[in-house]
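Remarks on the structure that follows.
Naming convention: chains lettered A, B, ... in sequence-line order (proteins, then strands); numbering from 1 in each chain.
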Amino acid sequence: MSDHTPLYIQNSLSREKELFTPLNAPYVGMYVCGPTVYSNVHLGNVRTFLTFDIVYRHLSFLGYQVRYVRNITDVGHLTGDSDDGEDKIGKKARLENLEPMEIVQKYTNDFHDVMRVFNIERPSIEPSATGHIVEQIEMIKQIIERGYGYEANGSVYFNVRKFNEDFPYGQLSGRKIDDLLNNTRVLDGQDEKNDPLDFALWKKADASHLMKWPSPWSEGFPGWHLECSVMSTKYLGHAFDIHGGGMDLKFPHHECEIAQNAGATGEGNSVGYWMHGNMLTVNGRKMAKSEGNGFTPDELITGNHPLLERGYSPMTVRFFMLQGHYASTLDFSNAALQAAEKGLDRLMKSVEALENLPATSADDNANVPIEDFAQRCANAMGDDFNTPILISVLFDAVKLINNVQDGRTVISQAQKEALETLINGYFFEVLGLQIEGSKEGEESGEAGPLLDLLVQLRSDAKSNQDWSTADSIRKALSDLGVTIKDGKEGSSWNRE
RNA sequence: GGUCCGAUGGCCGAGUGGCUAGGCUCAGCUCUGCAAAAGCUGCUACAGCGGUUCGAAUCCGCUUCGGACCUCCA
């Protein structure tokens, strides 16, 4: 690849940091479990998709050609804690008096809007469960043929105990089948199953069910875990490089996926690297709808939520999340958001200043360690996508840029260009940060020239040592949200 | 109850055997007409108790506290 710095990834399956070696470089196949589109996504969901956005961006940055598949779950996800629960989409459709596909469309649109606002890249393929009913039925047939599935009253279940005789079940989540048996609650509506550990591949639908399809077993719908097995196989093959998702999907969802894929093909887990993003917490507790501590991105931006002192911009939130490592829990708080906001502001101003940074034509006195910066950035991302370390290096670059701007350090034209390449690469491409707000001295419409005029009048007053006029102009502009800065090269203004 | 994870300075948050993480806050200083911005300096921490080691925030054991999963969840 374009970069020789090795990439290490923490593999959930081995619980170790492993050197990343794709099956078919320069191609990389990555599958990430997407949202169930029955309600608005909240900030915790955003964190997971941001995590894999970084993985996707960095792999692309390294020169890999990534096929990134992220699904939309639009059927099969049941409410409640038993397999008798209602389909989430179907339930919402009933409550809102809409066609199920209207629900799906509505919340898929919302999801896409949110992803755009946070500058999270689109996947290469975004398949939906309902678009792959035929393939899911086929995989169920394969599983039955291999003896790992059985039919009961028109539903089909996966025989976990039988599977465990041939393959290790529970490896990913570190569970033993006996422990699971001892600790599984006895739930209602499981009489069809041979064993409480078994999970549904196909569910027979009752008359009131809105979403159902014909199958060899009954008119019904696929089990939740099946879609990911089917769609990852269809678009990435049986064996592919990276499978990602939130930590809370490890068990049972991903464990079931592994079992289904192995059960259908007779080959064990064939995902190279399992990655799990950690949870966003509020006051130390996982953000979740059921906890009532979740808020939507829209509430976050407007500040219209009891937990929020005020609104925060999407880039502030993105930056805040990237200041923590994806594998650690991250605790949300207003103080932390405000700290991130200020830090990002300083970083952005520096990035903006880079373009017009004065550079010396000769290399004589310039001795800026750009190579060192580049290596430190590469090392940070190569160590399991350590964005906090990367950001700390970027802040060292901020210090350098400020020093050059204030004339304390000189930089050559070549070094400046190297630095610009570096910042463009890591700030914009890898971290996916964007400059927010209007740039210094720029304004749409007539305000810009008028502001320039006021600043000029104030400068004139200053040269006449008319401090009261100068200060009253500065105060008046400040009240309008425009900050004046006096530098060696004259005064400039900046709208907050 | 079972399994697993975590506890870092005023706050957030990296770091896994010796070497300054970083951001924010606070105080002082430089610059400046005054500010702002920027820079410099300071506040220098690893839950507690034992152990291993020349040396531990980092390894091992115990204790306390917190969290996640075990059921839908990013």
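Which of B:C69, B:G23, B:A36 sits closest to the side chain of A:A339 comes down to B:G23. Which of B:G33, B:A21, B:A74 sits closest to the side chain of A:I389 comes down to B:A21. Distances from the side chain of A:D331 to the nucleotides B:G13, B:G39, B:C34 place B:G13 closest. The A:F395 side chain lies nearest to B:G23 when the options are B:G33, B:G23, B:A36. Distance from the side chain of A:P388 is smallest for B:A21 among the nucleotides B:A21, B:A36, B:C34. Comparing B:C34, B:G23, B:G15 by their closest approach to the side chain of A:Q323 singles out B:G23. Listed candidates were B:A35, B:C11, B:A21. Nearest to the side chain of A:S392 is B:A21. When the nucleotides B:A68, B:C34, B:A74 are ranked by their closest atom to the side chain of A:D486, B:C34 comes out on top. When the nucleotides B:G2, B:G33, B:A38 are ranked by their closest atom to the side chain of A:D406, B:A38 comes out on top. Of the candidate nucleotides B:G33, B:A14, B:C12, B:C12 has the atom lying nearest to any side-chain atom of A:A336.
Note on A:H253: nothing from the nucleic acid sits closer than 4.0 angstrom, heavy atoms only. Across all strands, A:M279 comes closer than 4.0 Å to base atoms (heavy-atom distances). Among the heavy atoms of the strands lying under 4.0 Å from A:N403 are primed sugar atoms or P, OP1, OP2 only; no base atom is included. Using a 4.0 Å heavy-atom cutoff across all strands shown, A:K342 reaches sugar-phosphate atoms only and no base atom. Residue-level contact check: A:I484 touches the bases, meaning some heavy atom is under 4.0 Å from a base atom. Among the protein residues, A:K250 comes within range of no part of the nucleic acid, since none of its heavy atoms lies under 4.0 Å from any strand. Among the heavy atoms of the strands lying under 4.0 Å from A:G44 is at least one base atom, whether or not backbone atoms are also near. Among the heavy atoms of the strands, none lies under 4.0 Å from A:S333. Counting any heavy atom pair closer than 4.0 Å across all strands shown, A:N402 reaches sugar-phosphate atoms only and no base atom. If you check every strand for non-hydrogen atoms under 4.0 Å, A:R346 touches sugar and phosphate atoms only.
The aromatic ring of A:W467 sits over the base of B:G33, with ring centres less than 5.5 Å apart and planes inclined by under 30°.
Classification of the A:Y31-A:H243 ring pair by plane angle, with boundaries at 30° and 60°, yields tilted. The aromatic rings of A:F158 and A:F199 sit parallel to each other, their planes meeting at less than 30°, with 60° as the upper class boundary.
Residue A:L357 contributes atom CG, which lies 13 Å from atom C1' of B:A38 at whole-angstrom precision. Atom CZ of A:R175 is separated from atom C1' of B:C4 by 8 Å (rounded to the nearest Å). A straight line from CG of A:N334 to P of B:G10 spans 22 Å, rounded to a whole angstrom. The interatomic distance linking A:Y326 (OH) with B:C5 (P) rounds to 16 Å, in whole Å. Residue A:K88 contributes atom NZ, which lies 11 Å from atom C1' of B:U71 at whole-angstrom precision. For the pair A:F118 CZ and B:A74 C1', the interatomic distance rounds to 14 Å; values are reported in whole Å. Rounded to whole Å, the distance from CG on A:L344 to P on B:G22 is 19 Å. With rounding to whole Å, A:M348 atom CE is found 16 Å from B:G23 atom P.
In terms of polar N and O atoms assigned as donor or acceptor, the side chain of A:R474 comes within less than 3.5 Å of the base of B:C34 in a complementary pairing. With hydrogens and angles left out, the side chain of A:D396 and the base of B:G22 share no donor-acceptor pair within 3.5 Å.
With a 3.5 Å ceiling on both atom-pair distances, the Watson-Crick or G-U wobble partner of B:G18 is B:C54. When both distances must be under 3.5 Å, the Watson-Crick or G-U wobble mate of B:A37 does not exist. Remark: B:U32 base-pairs with no nucleotide in the shown strands. Criterion, Watson-Crick or G-U wobble with two distances under 3.5 Å. Pairing partner, B:A7: B:U64, with both Watson-Crick or wobble hydrogen-bond distances short of 3.5 Å.
Heavy-atom neighbours of A:E371 CD from other residues, nucleotides or ligands within 6.0 Å: at or below the threshold of 12. Remark: A:K212 NZ is packed, more than 12 non-hydrogen atoms of other residues, nucleotides or ligands lying under 6.0 Å away. The number of heavy-atom neighbours closer than 6.0 Å to CZ of A:R122, taken from other residues, nucleotides and ligands shown, is 12 or below.
The separation of B:C29 from B:A36, taken at their P atoms, amounts to 13 Å, rounded to a whole angstrom. Only the C1' atoms considered, B:C46 is 8 Å distant from B:G9, to the nearest whole Å. For the C1' atoms, the distance linking B:C43 with B:U20 amounts to 15 Å, nearest Å.
Judged by distance alone, the side chains of A:D74 and A:Y107 never bring a donor and an acceptor atom under 3.5 Å apart.
For an aromatic pair to be called close, the ring centres must be under 6.0 Å apart, and A:F295 with A:F332 satisfies this.
Remark on RNA chain B: of its neighbouring residues A:P252 and A:L280, the 5'-side contact belongs to A:P252, judged by nearest-heavy-atom nucleotide. Take the nearest nucleotide of RNA chain B for A:G174 and for A:G246: the residue whose nucleotide is more 5' is A:G174.
Across A:T51, A:D384, A:N278, a single residue satisfies side chain to side chain donor-acceptor pair (under 3.5 Å) together with A:Y326, and that is A:D384.
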